[in-house]
**Q** 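Take a look at this one; I'll ask things after.
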Amino acid sequence: MSFHLLSLERILCKLMLCVLHSFLIASCNGLMEQAEGTRLGSGMVTTYTDVRAQADIALDLRDIKELLNDDSDPNNLANAEIIYRNGKHSSLEDNGGARRSLYWMTGDSGEFDALKMREPTFLFHLHGLREKGEIIGSNYRYADKLTHILFESNDVQLTGSTKRGTLVTESAMALNLWMYIAHELYDALDDCSLAMNMNKEEALSRNSGSTRALDEAIAYWIGTDQDGGTNRGHSLYSLTQRAGEMFGTLLFDAEARANSDIRTLYHYGRSLLAFPSACTGDDPDFAMRGLHNLTNKMLAKMMIPLIQMLLYSIYEQDNTRIKIYATAVVPQISACSDPDYTYLKRILIDTAYERSEFHSVLYALQRSYSCLGVTCEEVGAYSINKIPICAETPTDHPLAGYVPKTDIRNQAKIDLDIKQIQILSLYPASFSAIRNIYNFGKNSPDGESFRTLHEFATSSLRSGIPWFQRFHDFFGTDNFADENIQNAIDKSKNWIDSSDVQRGEAIVQNIKLNVMIIFAMRKFYDALFDCKISPEDDRSIGLQSWDEGVAYFSGSLEGGRDNVASNGVLLMKTASEMCLHFEICVEGETAPIVVELISLFNNGIKFVVEGKCDDIESTIGNIEYVMLVPLVQGIIHYALINEKLDRGSFDGSLAIGDAFARALVPHISAFDSNSASDVDNNMSFTTTRKPVQDGSMEVANALDTAIDKGLKVECQLIGSEDNINLECEDSEDAAFAKYSVSTIILSVFAVIF
């Protein structure tokens, strides 16, 4: 849902906070002006704190542009570079006494670098600009690198009446200033987080620090000498106005929609921080969740003018602007779709853009809108028909060969949270950001908030799965996955002596194998429950539940009708990775169980439509039976790898093997406790003994025994690796067959009532 002007105000009113909210907004707009706030944009915004020095950075942009666009004085270039590097109008100084400048914003200080290295938007940019062969990005000065080149390079393309000063300042805005505003938003979040562990007085001080950071962000965005609702200004607000004019996204009052939404979000953040319990231990999640969501939504709105300017540059084949805006946008897509990111980086950043690629580039960018948090309507159409407004992804867009009956586009996007956590885990300082995405969500909208992996991992509804009790019995808690993930994030308990690589793998793999699989299965059982209780002429709830189960199994990143298990991050991708190791792939790199799962998903939805409850139950049982195959393969694969490691190894494979074991051992334990102990003792993460101390063959033997005693796994679907080939005979009794339909219904009622 997009944020129109006043939409957030209506939300708060629905929460019966109208009176308080009206006072707070009035305070934001003027009543607190006596508290040395700053009027911005002809009074569109009045901040609570004095941020004139921040807003004055816009005057540096103005002077640089004027100097470089004036060819009459040969000293203008040198003078413009001095302003860029040393600053001129802002009275702010860093800790060393140097005036803040556009160059300083690119991170010319160790302390600032350390802060940015835990901020997702900056890290996604580093990741997206990494060179071939690099696992993590190292191009920390990408903004200054390109902006500085534009000062003097003879290769700068001056299109039409465009002059060098215009290009330099656009680069400084889109790269230097934009990312620094992102830093200010994360700074507000960090200040709030730090306040949680302080006493009330200290917390209130930190709360004011969050307010200050929001004020600074909006001051940098709007800038000094900006006329509200016009492009008469010098900072990003003005650039957004110009982009809005070109793409037809101005509102009735002539303000660009993106600017209006950014101001609305700013006022919402101010209102949030005005609550007495904000950023205190009294209500620890209230302000943090709100600020986290606010940051992600504001960053998405800030991305809109960059996308618009990139589209404009591509259409007009303005190669210099293409480099500027591609560098500003494309790296963020590395946190979305690997194929689209790789293609766009090659065409727009690594090589000179060719006009023949226009439509392919356009479609790749438009496919990325949803992940970037923007809509086709928000981006608009360039000159009405030069680049028409795009169409949103249809509600029946296939998920890995499955065509949903209901709209589950947002649910499927939960896999983007996992992908982005996986990227962040490569950067050691980012675990606080990982915690926020895990606890508060980021990519899967659910009303005005987001679905969260933490909620999936702790949902009481999971007990509606008949075999969920196995996990409770084995681990002694319903929240076995969440506790393990939180411990890895905090580097505590069993992960206290682990490496950062191991912590990252523990978080990601446990989400994939011990959170998503169980929550997806819960949705399939919801469809079965609905079949039993719903009238024959209304299958809507069951259809929604089944579709959601498929969404949580496959995610949004898998291919469409024909291209399956190629780009995802969930179980189907894991299965296709394992089939390569076990030499059992079909059609290239597709696991046979992926083909089987897609068939089962499609059969299941047909049975839901027809109200065939027994067939739904049988299909669920077959899904459970098939999903064990990659878990068995994963245990064998990582047993083979980890038995070669020494005690105390920091290798990430130890954490991956642990996650696979945690996903399967409770099922094994239901049939043979000795086999469960053998697998657990060899595969669980520890620094006190050698990994896989009894050898991979002993682990395989334990799996063989468990299957012989009733754990149903079709051995012919497993294959073999390094001569380990399970000798089990396919069990006639399904691992989950002991649970009847009546047991399922009773367990669901136990959760509801």
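All figures in this text were calculated on a predicted structure; none of them were measured in a lab.
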**Q** Under 3.5 Å, is there a donor-acceptor pair between the Q486 and N439 side chains?
**A** yes
**Q** Are F474 and F480, when compared by the centres of their aromatic rings, separated by less than 6.0 Å?
**A** no
**Q** If we check side-chain contact (heavy atoms from CB on, under 4.5 Å) with Q422, which of these qualifies: I507, V569, I434?
**A** V569
**Q** Name all residues meeting the side chain to side chain donor-acceptor pair (under 3.5 Å) criterion together with D478; count only those two or more places apart in sequence or in a different chain, and write none if there are none.
**A** H472
**Q** Under the rule for side-chain contact (heavy atoms from CB on, under 4.5 Å), what residues qualify as partners of S492, not counting sequence neighbours?
**A** N487, D490
**Q** Can you confirm whether more than 12 heavy atoms, excluding those of R689, are under 6.0 Å from its CZ atom?
**A** yes
**Q** Please state whether the rings of F440 and H292 are parallel, tilted or perpendicular, taking 30° and 60° as the class boundaries.
**A** tilted
**Q** Any disulfide (SG to SG under 2.5 Å) involving residues 635-711? Give me the pairs, sequence neighbours left out, ordered by first then second residue.
**A** none
**Q** With T687, which residues qualify under side-chain contact (heavy atoms from CB on, under 4.5 Å), at least two apart?
**A** D497, F685
**Q** Is the positively charged end of K712 above the ring of Y625, judged by distance under 6.0 angstrom from the centroid and angle within 45° of the axis?
**A** yes
**Q** Who passes side-chain contact (heavy atoms from CB on, under 4.5 Å) against E643, sequence neighbours left out?
**A** L640, V692, S696
**Q** Quick check on side-chain contact (heavy atoms from CB on, under 4.5 Å): which of L654, I656, D651 does E505 satisfy it with?
**A** I656
**Q** So does R503 pair up with D500, basic N to acidic O under 4.0 Å?
**A** yes
**Q** Describe, in one word, how the ring planes of F471 and H667 are oriented to each other, choosing from parallel (under 30°), tilted (30 to 60°) and perpendicular (over 60°).
**A** perpendicular
**Q** Looking only at the side chains, is there a donor atom on one of Q633 and H581 sitting less than 3.5 Å from an acceptor on the other?
**A** no
**Q** Below 4.5 Å, heavy atoms only, C-beta onward: do E589 and L580 meet side chain to side chain?
**A** yes
**Q** Considering residues, nucleotides and ligands other than K606, do more than 12 of their heavy atoms fall under 6.0 Å from its NZ?
**A** yes
**Q** Could you tell me whether a side-chain N or O of S684 sits under 3.5 Å from a main-chain N or O of D658, the two making a donor and an acceptor?
**A** no
**Q** For V608, run the side-chain contact (heavy atoms from CB on, under 4.5 Å) check against D615, I616, L528 and tell me which one passes.
**A** I616
**Q** Do the rings of F524 and W546 sit parallel, tilted or perpendicular, given the 30° and 60° boundaries?
**A** tilted
**Q** Taking C-beta and beyond as the side chain, do I511 and M516 meet within less than 4.5 Å on heavy atoms?
**A** yes
**Q** Side chains of V713 and V629, heavy atoms from C-beta outward: is any pair under 4.5 Å?
**A** yes
**Q** Compute whether any side-chain donor of one residue and acceptor of the other, for D338 and N567, lie under 3.5 angstrom apart.
**A** no
**Q** Is a donor from one side chain sitting under 3.5 angstrom from an acceptor on the other, for N479 and E483?
**A** no
**Q** Which of parallel (below 30°), tilted (30 to 60°) and perpendicular (above 60°) describes F601 and F553?
**A** tilted
**Q** In chain order, what residues pass the side chain to side chain donor-acceptor pair (under 3.5 Å) check against N443, with sequence neighbours excluded?
**A** D417, Q420
**Q** Below 4.5 Å, heavy atoms only, C-beta onward: do L571 and K512 meet side chain to side chain?
**A** no
